[in-house]
Amino acid sequence: MKGHVLIGLLLVISSLAIPCLASEDSNDNHLMVVNPYVRALLPGQDRTAAFLSIHNHGDNDCKLLSADSPIAQRIEFHTHLHKDGMMKMRPVEAVQLAAGSSITFESGALHLMLFGVESSLNSLESTQINIYTDHCGSVSFDAPVTNRVSKPMQEMHH
């Protein structure tokens, strides 16, 4: 009899925990990435950029805080500034993503800058990237590696 009561109690406790876990996981599903890609490495370089659009389908504003990838030592959010007649890239500490809106990371604007990239990147079809937020969970996605070049690199200065 004690065994049946214990099993019943465990079932009740388990059923109460499942909705909590489901709501935590569904938080991650509010962020969706579309059209991601990583630019292939140029000869002699160990840094490159990644581009994508990220949509916040949730009801809360999010702050994108950091990103990582197994092929890069670090990833930073970067933007371009026009200063003294030159275009310069600058790191951005965090990126605001309002509820129900999207942000596009694109060449010549806000983008992900990957540093210390493994030379094996160019032999890969894609690589995983993870983006972490303040309270909207995280989103992981595969970004194809491409040879797309849209702006001359010599105009961009760090």
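D84 places no side-chain N or O within 3.5 Å of a backbone atom of M86 that could act as its donor or acceptor partner. At least one donor-acceptor pair under 3.5 Å links the side chain of H80 to the backbone N or O of A109. Looking at T48, its side chain never comes within 3.5 Å of a backbone N or O of L114 through a donor-acceptor pair.
In terms of hydrophobic clustering, with Ile, Leu, Val, Met, Phe, Trp and Tyr side chains grouped at heavy-atom distances under 4.5 Å, F115 and L65 are assigned to different clusters.
Annotation: side chain of F141 is in contact with side chain of I131 (closest heavy-atom distance under 4.5 Å). Residues S69 and I75 form a side-chain contact, since some pair of their non-hydrogen atoms from C-beta on lies under 4.5 Å apart. Taking the side chain as every heavy atom from C-beta outward, I103 and V95 approach each other to under 4.5 Å. Contact check for M113 versus P91: no side-chain heavy atoms found under the 4.5 Å cut-off. The shortest distance between side-chain heavy atoms of F77 and L64 falls below 4.5 Å.
Note that CZ of R39 is 12.0 Å distant from CZ of R47, once rounded to the nearest 0.5 Å. One distance of note links CG of N56 with SG of C62; it measures 4.0 Å at 0.5 Å rounding. Here CD of E118 is found 8.5 Å from OG1 of T127. Values are rounded to the nearest 0.5 Å. Put simply, CG on D46 and OG on S119 are 9.5 Å apart, with the number rounded to the nearest 0.5 Å.
T104 pairs by the side chain to side chain donor-acceptor pair (under 3.5 Å) definition with S53, not counting sequence neighbours. Residues satisfying the side chain to side chain donor-acceptor pair (under 3.5 Å) test with S102, not counting sequence neighbours, are H55. With sequence neighbours left out, the side chain to side chain donor-acceptor pair (under 3.5 Å) criterion links S140 to N130. Every residue two or more places apart in sequence or in another chain was checked for a side chain to side chain donor-acceptor pair (under 3.5 Å) with E106, and none qualifies. Legend: residues meeting side-chain contact (heavy atoms from CB on, under 4.5 Å) with S126, ordered by chain and number and at least two apart, are D142.
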- Please lay out, stage by stage, how L110 and H78 fare under the test side-chain contact (heavy atoms from CB on, under 4.5 Å). CA-CA 6 Å; L110 184 65; H78 274 220; over 6 Å; no
- Show the numbers, then the answer: is there a side-chain contact (heavy atoms from CB on, under 4.5 Å) between L52 and I54? CA-CA 7 Å; L52 59 116; I54 187 167; 4.0 Å; yes
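Taking every heavy atom of both residues into account, A49 and H111 meet most closely at CB-CD2, 4.0 Å. Shown here for V145 and L124, the closest heavy-atom pair between the two residues is CB-O, 3.6 Å. Nearest heavy atom pair, residue P144 against residue P36, reads CD-O, 3.0 Å. Residues L31 and C136 share a closest heavy-atom pair of CD1-O, 3.7 Å. Nearest heavy-atom pair across A99 and G58 is CB-O, 3.4 Å.
Ring centers of H30 and H57: at least 6.0 Å apart, outside the cut-off. A distance of 6.0 Å or more separates the ring centres of F105 and F51.
Among pairs with a residue in residues 52-75, those fulfilling salt bridge (charged side-chain N to carboxylate O under 4.0 Å, His left out) read R74-E76, at least two apart in sequence or across chains.
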